[in-house]
Structure formats: C-alpha cells, structure tokens
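Notes for the one structure printed next.
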Amino acid sequence: MTFQEMRDQQLEIAKKAVFEGSLEQVKRFVAVDMSANSFLQGDDAPLFAAAVLIERGNKTPLEVATATMKPEIPYRTGFLAFREAPVILAALEKLKGDFDLIWCDGNGLMHPRRAGIATQLGVQLEKPSLGVAKQPLTGKYEDVPLEAGAHKPVIASSGETLGFALRSKRNTKLIYVSPGHKCDVDSALEFVLEHLDGLRIPYPTRLAHDASNAARKEAQG
DNA sequence: GCGACAG
DNA sequence: ATCTTGTCGC
C-alpha cells in the first residue's frame with residue numbers, strides 16, 4: 001500500500017469517525033499496546049501486542065490476551081496504525097470478555113488527518129475509543145501549570161479542539177489525550193483523569209505496556 | 001523552505 | 001518502540 005493510499009484511507013476513516021458522545025455508560029474497557037525489539041532486531045522485528053480487559057474502577061485486570069505478528073511496514077510518523085493495528089486486532093480477537101471502549105497508546109483525533117490509531121481501531125470495531133500519547137503529533141496549546149490534573153486544549157490551525165495536553169502528575173512531562181471514536185474531547189479527558197493513580201502514565205496504559213513487554217520477553221530473551 | 005515528527 | 005545503572009530531585 002502506498003502512502004497516498006494510506007492517506008486516502010485515513011481520510012475515509014476520519015469521515016466515518018464520530019467525535020461526540022459521553023463515556024458515562026462504559027463499564028468495561030480494554031487497554032491495548034504493542035512491544036517490539038526494533039532497537040536490536042531492526043524494523044522487521046516481530047510485534048507483540050497485548051489487550052488488557054479492565055473493569056471500571058478496578059485496577060486488577062479481568063483478562064489479558066496477547067498476539068504476535070511480523071510487521072508489514074516500517075514505522076512512519078502519522079501512519080502508526082498501519083503497522084500496529086493488525087497485531088493489536090489479533091490480540092483483541094483472542095479476548096473472551098466483551099468491552100465497550102478501547103484505550104489506545106497513541107493519538108486519535110490529535111492527528112494531521114484526524115485518524116490516529118485510536119480512531120482507526122474504534123471505527124473498525126465500531127466501538128468508542130480514546131488515545132493517550134506521550135508526544136503530541138499536531139496542534140498547539142498554552143503552557144500547562146505544573147499541578148497534577150492541570151490541562152490545556154490542543155488546538156488545530158483550523159481552530160478545532162483536538163484533545164488535551166494533560167499534567168497527569170505534578171512536575172512531570174505532559175501526556176496527550178484525544179478521542180478516537182464515539183466520544184468527545186471532554187469525555188476522553190474525564191475518562192483518563194479517572195484512571196490516574198499518582199504516576200505519569202495512567203495505569204491502563206501501563207498494564208498494556210507491561211503485558212506486551214512480558215509477552216515479548218517470554219517469547220524471546 | 002526548514003524543522004519537527006504518535007510508537 | 002527498544003537497552004540499562006545509578007543518580008538527582010521532590
């Protein structure tokens with residue numbers, strides 16, 4: 001698939017995406033992440049994904065599923081989902097329990113074409129989704145106070161609010177929250193705020209990150 | 001044009 | 001994303 005084709009596909013996905021809705025009814029959600037040792041093994045190192053089923057308000061996972069796959073394309077900024085989505089979907093298919101939100105590592109609306117990995121996964125599975133990223137991909141925002149919980153909207157050049165820059169922990173680097181599908185920017189922020197536990201990285205992201213790493217280390221060294 | 005650039 | 005120990009700061 002060429003970059004032009006991937007761009008066109010992202011525009012189609014963004015067209016189908018709904019950046020409206022509340023997450024008040026979410027009872028169970030799944031946090032997903034991926035791990036690969038590209039540092040030592042190169043761009044074609046096998047990918048290991050994890051899907052962690054979480055009950056709202058309970059830090060102990062209900063279920064963990066993993067999957068592995070060879071990457072079809074190298075990582076390119078703005079096209080993360082084309083590399084990671086296949087193995088993440090494979091892990092999600094192994095999950096026995098159902099869920100009503102997908103919590104992703106990366107962006108959703110906060111993307112040059114409004115179609116980050118959270119949006120791509122949400123639209124494909126027709127479920128609400130949100131993205132939590134450690135780096136912003138696009139947009140501008142004002143300085144964020146150093147207090148935990150402080151946040152500022154991330155604004156596109158069009159004036160559209162894409163998500164929030166969030167101080168998830170006092171005096172630490174920001175994280176970036178955006179809706180993926182079937183929720184609005186404020187609902188995505190509220191949901192993430194609800195799942196902070198004193199550390200910079202929200203625990204759902206941490207659980208998925210640790211689970212994907214554990215799967216890789218078990219299969220490799 | 002130049003630089004920056006999710007994981 | 002990935003490796004790795006200590007060390008500095010709150």
Side-chain angles (χ1 to χ4, degrees), chain A residues 3 6-7 10 13-14 17 31-51 66-89 91 102-122 129-141 145-148 150 154 156-157 162-181 188 192 198-202 204-221:
Chain A
F3 281 109
M6 290 194 284
R7 286 177 59 96
Q10 287 177 331
I13 290 165
V32 296
D33 194 12
M34 184 228 78
S35 170
N37 193 350
S38 47
F39 187 72
L40 293 176
Q41 302 175 15
D43 261 354
D44 55 349
L47 275 29
F48 293 82
T66 61
T68 184
M69 199 178 281
K70 284 177 298 182
E72 297 170 358
I73 58 174
Y75 167 76
R76 291 294 299 270
T77 299
F79 301 95
L80 172 68
F82 292 91
R83 174 177 168 83
E84 297 196 355
V87 68
I88 288 173
L89 287 167
I102 311 162
W103 176 304
C104 306
D105 198 349
N107 296 291
L109 217 208
M110 201 183 292
H111 179 279
R113 289 166 292 283
R114 315 296 178 252
I117 188 167
T119 302
Q120 192 150 322
L121 289 172
S129 64
L130 63 81
V132 175
K134 293 173 286 299
Q135 296 289 334
L137 238 192
T138 187
K140 296 180 178 177
Y141 53 92
L146 295 173
E147 303 312 307
V154 175
S157 54
L162 304 176
F164 289 93
L166 169 64
R167 192 80 62 189
S168 50
K169 178 183 177 182
R170 181 174 177 162
N171 289 359
T172 63
K173 283 174 53 178
L174 299 164
I175 64 174
Y176 302 83
V177 179
S178 63
H181 186 40
V192 171
L199 302 182
R200 174 182 177 238
I201 303 300
T205 296
R206 213 166 50 241
L207 288 171
H209 189 274
D210 290 350
S212 61
N213 253 317
R216 178 174 57 82
K217 286 186 289 184
E218 187 188 338
Q220 308 180 325

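Throughout, a chain's letter reflects where its sequence line sits, starting with A, and its residues are numbered from 1.
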Worksheet item: Could you give the start and end, 5' to 3', of the contact zone on DNA chain B for chain A, using atoms under 4.0 Å from its heavy atoms?
Response: B:dC5 to B:dG7
What's [X] touching, base or sugar-phosphate or nothing? Going by heavy atoms closer than 4.0 Å.
{"X": "A:Ile117", "value": "base"}
{"X": "A:Gly131", "value": "nothing"}
{"X": "A:Asp105", "value": "sugar-phosphate"}
{"X": "A:Asn213", "value": "sugar-phosphate"}
{"X": "A:Phe48", "value": "nothing"}

Worksheet entry | All salt bridge (charged side-chain N to carboxylate O under 4.0 Å, His left out) counterparts of A:Asp105, not counting sequence neighbours | A:Lys134
Response to the item:
Here the pair of heavy atoms bringing A:Cys104 nearest to A:Leu121 is SG-CD1, 3.8 Å
Worksheet item: Which sits closer to the 5' end of DNA chain C, A:Ala36 or A:Arg170, going by the nucleotide each is nearest to?
Response: A:Ala36
Worksheet, complete the sentence: Whole-Å distance, A:Asn171 CG to C:dG9 C1', equals 9 Å
Response to the item:
Rounded to whole Å, the CG-C1' distance (A:Leu146 to C:dG9) equals 14 Å
Worksheet entry | Below 4.0 Å: OP1/OP2 of C:dA1 and any side-chain N or O of A:Lys134 | yes
Discussion item. For a 4.5 angstrom cut-off between non-hydrogen side-chain atoms, does A:Gln220 reach A:Asn37?
Written reply: yes
Fill in: Aromatic contact, A:Phe79 with A:Phe3 (centres under 6.0 Å)
yes
Worksheet item: With distance as the sole criterion, do the side chain of A:Ser35 and the base of C:dA1 form a donor-acceptor contact below 3.5 Å?
Response: no
Worksheet entry | A:Ser35 versus A:Asn213, side-chain donor and acceptor atoms under 3.5 Å | yes
Worksheet item: Taking atom CE of A:Met34 and atom OG1 of A:Thr68, what is their separation to the nearest 0.5 Å?
Response: 10.0 Å
